[in-house]
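Counting starts at 1 for both ligands and their atoms, in listed order. Treat the numbers as computed from the prediction; the structure is a model and nothing was measured.
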Amino acid sequence: MTAATGEQPSGVGAATQPDYGIFLDLHGKDVLVVGGGPVAARRALGLLQHGARVHVVAPQVCEDLASLESEVHLSRRPFTESDCDGVWLIQTCTGDAQTDALVQTLADERRIWCVRAGAAQESSAWTGTTLAAPDGVLVTVNGGRDPGRARRVRDQVRACLDRTDLRRTRGGRGAGHVSLIGGGPGDPELITVRGHRLLRAADVILYDRLAPVALIEELDHAEGPLLVDVGKTPGNHPMPQTEINDLIVSHALAGRRVARLKGGDPFVFGRGTEEALSALEHGLPVEVVPGITAGLAVPAAAGVPVTSRGQARAVLLLSGHDGAESVVARTHGTPADTTLVLYMGVRHLREVATALIEAGRPADLPVAVISSGLTHSQRTVVGTLATIADAAADQRAPAITVIGEVAALSEELGTLVPPSADARHAH
Ligand code: SAH
């Protein structure tokens, strides 16, 4: 019994039984943090870095916690019983022993492990004192629930680690590493040699529907990498970008070689910047493998050279996602011999075509809309600014729209890049 709170020690026989050491994979698991001070902030950050989905409950939060607002779910109110629902783990660090004890009691009733900051003796779980070495090596010291003693042991272990051979004996994994791989425009044969090599060496592959899935399927066997579909479909975003970033980071921090396989090129409308920056912020090595971007390859496949002597002396890659106004603003003043290549937004085709005519482009300017390029479902529709909306009304994403004289060459040149046997999209 603890005099201060009068509750039962949580771990039965805690004083006599040795503690049970365990490591948790927190990735994607809901974890509750009760408390709003610097300790709670440190705990919340640590949990985030291990991939947990963190809910912080506190009536007042310190600056450090407030700065995590975009990454954690923050409830600025007192703790209530129902906050425990559905969580895997609770960390309570309110600074108030009675509240922490109450949280512990409620957690026990629900059979949820609960870590009480600064009160290992009363906790059902505790984190020990840890020492992180390179390449996922982690030593956690339990000082018999005496943190001061644990720290002394840790310092001795640290000295030993410096003399220890940390090379892997199993799995052959190196240090955590992130590669952002451009998978090319759809056909699995159009990835680079380097991209393919990194893919085969990966421990984890995160891909989406525009990536060449056939390449991944051949790796899908018992010894193969972990495959994670983070795909987005228009209007339906199964995994937010921040979650993808965190997933990449948490796997790489665990010492895995992470391949983020993307359609086309990672840095062309591919959100590669965010993924690279978030990995770099965590001190992870990042490699970007360029890919053939859809805006150049898909027109070529349909017989549309984006530059062509005498007809097109420049090419402008832009997104159609934000509709006509955005396209007009970005193409305003470009010479007539600039080919416009629109990624995304095929649903805005009518308003874009109309707005371009209103902005002074000729109504008979050729336009080609090519959907599912470099796959067996590739389909090309050619028209003019005046006719394309009706002609291509049933063209669906993914599609590239080419606006310029060169679009008309499609009828003469035809399919120039035939898809390979395995060329298909993971719809
Ligand atoms: N990073 C990618 C682009 C991602 S944006 C790249 O460099 O290619 C997604 C858009 O790319 C789609 O909406 C579509 O406009 C285009 N796209 C990608 N693959 C395509 C394909 N096989 N056929 C037609 N368009 C494609």
Side-chain angles (χ1 to χ4, degrees), residues 179-192 195 206-216 230-239 241 244 259-276 288-304 306 315-323 326-327 330 339-349 352 367-382 388 392 394-403 407 410 415-420 422-427:
S179 47
L180 306 181
I181 304 175
D187 187 325
E189 293 196 351
L190 292 177
I191 191 171
T192 62
L206 288 82
Y207 66 99
D208 53 56
R209 82 201 159 89
L210 288 179
V213 274
L215 290 175
I216 307 169
V230 297
K232 305 181 186 78
T233 48
N236 168 26
H237 301 266
M239 196 180 284
Q241 186 63 46
I244 299 177
R260 170 69 173 109
L261 181 64
K262 292 166 161 295
D265 183 280
F267 281 179
V268 180
F269 302 123
R271 307 199 70 169
T273 319
E274 287 130 288
E275 295 172 355
V288 174
V289 183
I292 307 178
T293 190
L296 304 181
V298 169
V304 178
V306 291
V315 54
L316 181 60
L317 305 182
L318 67 163
S319 165
H321 183 262
D322 296 320
S326 160
V327 172
R330 283 171 181 79
T339 305
L340 309 181
V341 174
L342 266 64
Y343 292 70
M344 302 175 272
V346 68
R347 64 187 181 285
H348 301 307
L349 192 56
V352 167
V367 181
V369 178
I370 310 127
S371 61
S372 294
L374 279 313
T375 74
H376 290 285
S377 335
Q378 175 173 317
R379 191 164 160 257
T380 307
V381 174
V382 181
I388 195 66
D394 58 355
Q395 284 286 60
R396 295 283 168 264
I400 287 286
T401 302
V402 186
I403 304 170
S410 171
T415 301
L416 287 177
V417 189
S420 69
D422 243 345
R424 62 200 145 85
H425 274 305
H427 287 300

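Panel note: side chain Asp208, backbone Gly231; no donor-acceptor pair is recorded below 3.5 Å. Side chain of Thr293 to main chain of Leu296: no donor-acceptor pair is present (N/O by atom type, distance under 3.5 Å, no hydrogens or angles). With Gln395 contributing its side chain and Arg379 its backbone, the two residues share a donor-acceptor pair below 3.5 Å. Between the side chain of Thr375 and the main chain of Gly186, no donor-acceptor pair closer than 3.5 Å is present. Side chain of Ser179 to backbone of Ile181: no donor-acceptor contact under 3.5 angstrom is found. For the pair Thr401 (side chain) and Leu342 (backbone), a donor-acceptor distance under 3.5 Å is absent.
Of all the atoms in ligand 1, the ones that sit under 4.0 Å from a non-hydrogen atom of Gly263 are 1 (N), 2 (C), 6 (C). Per-residue contacts place Val298 under 4.0 angstrom from the following atoms of ligand 1 (heavy atoms of the residue considered): 21 (C), 23 (N), 24 (C). Near Val268, meaning under 4.0 Å from any of its heavy atoms, are these atoms of ligand 1: 1 (N), 2 (C), 3 (C), 6 (C), 7 (O). Taking every heavy atom of Ile400 and a limit of under 4.0 angstrom, the matching atoms of ligand 1 come to 15 (O), 16 (C), 24 (C), 25 (N). Atoms of ligand 1 found under 4.0 Å from any heavy atom of Asp265 (numbered from 1 in listed order, with element): 1 (N), 6 (C), 7 (O).
Of the polar atoms of Gly186, none of the N or O atoms is found under 3.5 Å from an N or O of ligand 1, judged by distance alone.
Distance check, rounded to the nearest 0.5 Å: CZ of Phe269 to CG of Leu317 gives 6.5 Å. Of the inter-residue distances, the one linking Arg260 atom CZ with Leu180 atom CG reads 8.0 Å to the nearest 0.5 angstrom.
When the heavy atoms of Asp208, Thr293, Leu317, Val341 are ranked by distance to atom 6 (C) of ligand 1, first place goes to Thr293.
With a heavy-atom cut-off of 4.0 Å, Ile370 touches ligand 1 through its backbone alone. With a 4.0 Å heavy-atom cut-off, ligand 1 is reached by no atom of Pro266. When heavy-atom distances to ligand 1 are checked against a 4.0 Å cut-off, Pro185 comes that close only through its backbone atoms N, CA, C and O.
Within the structure, ligand 1 has Ala399 among the residues with a heavy atom less than 4.0 angstrom away.
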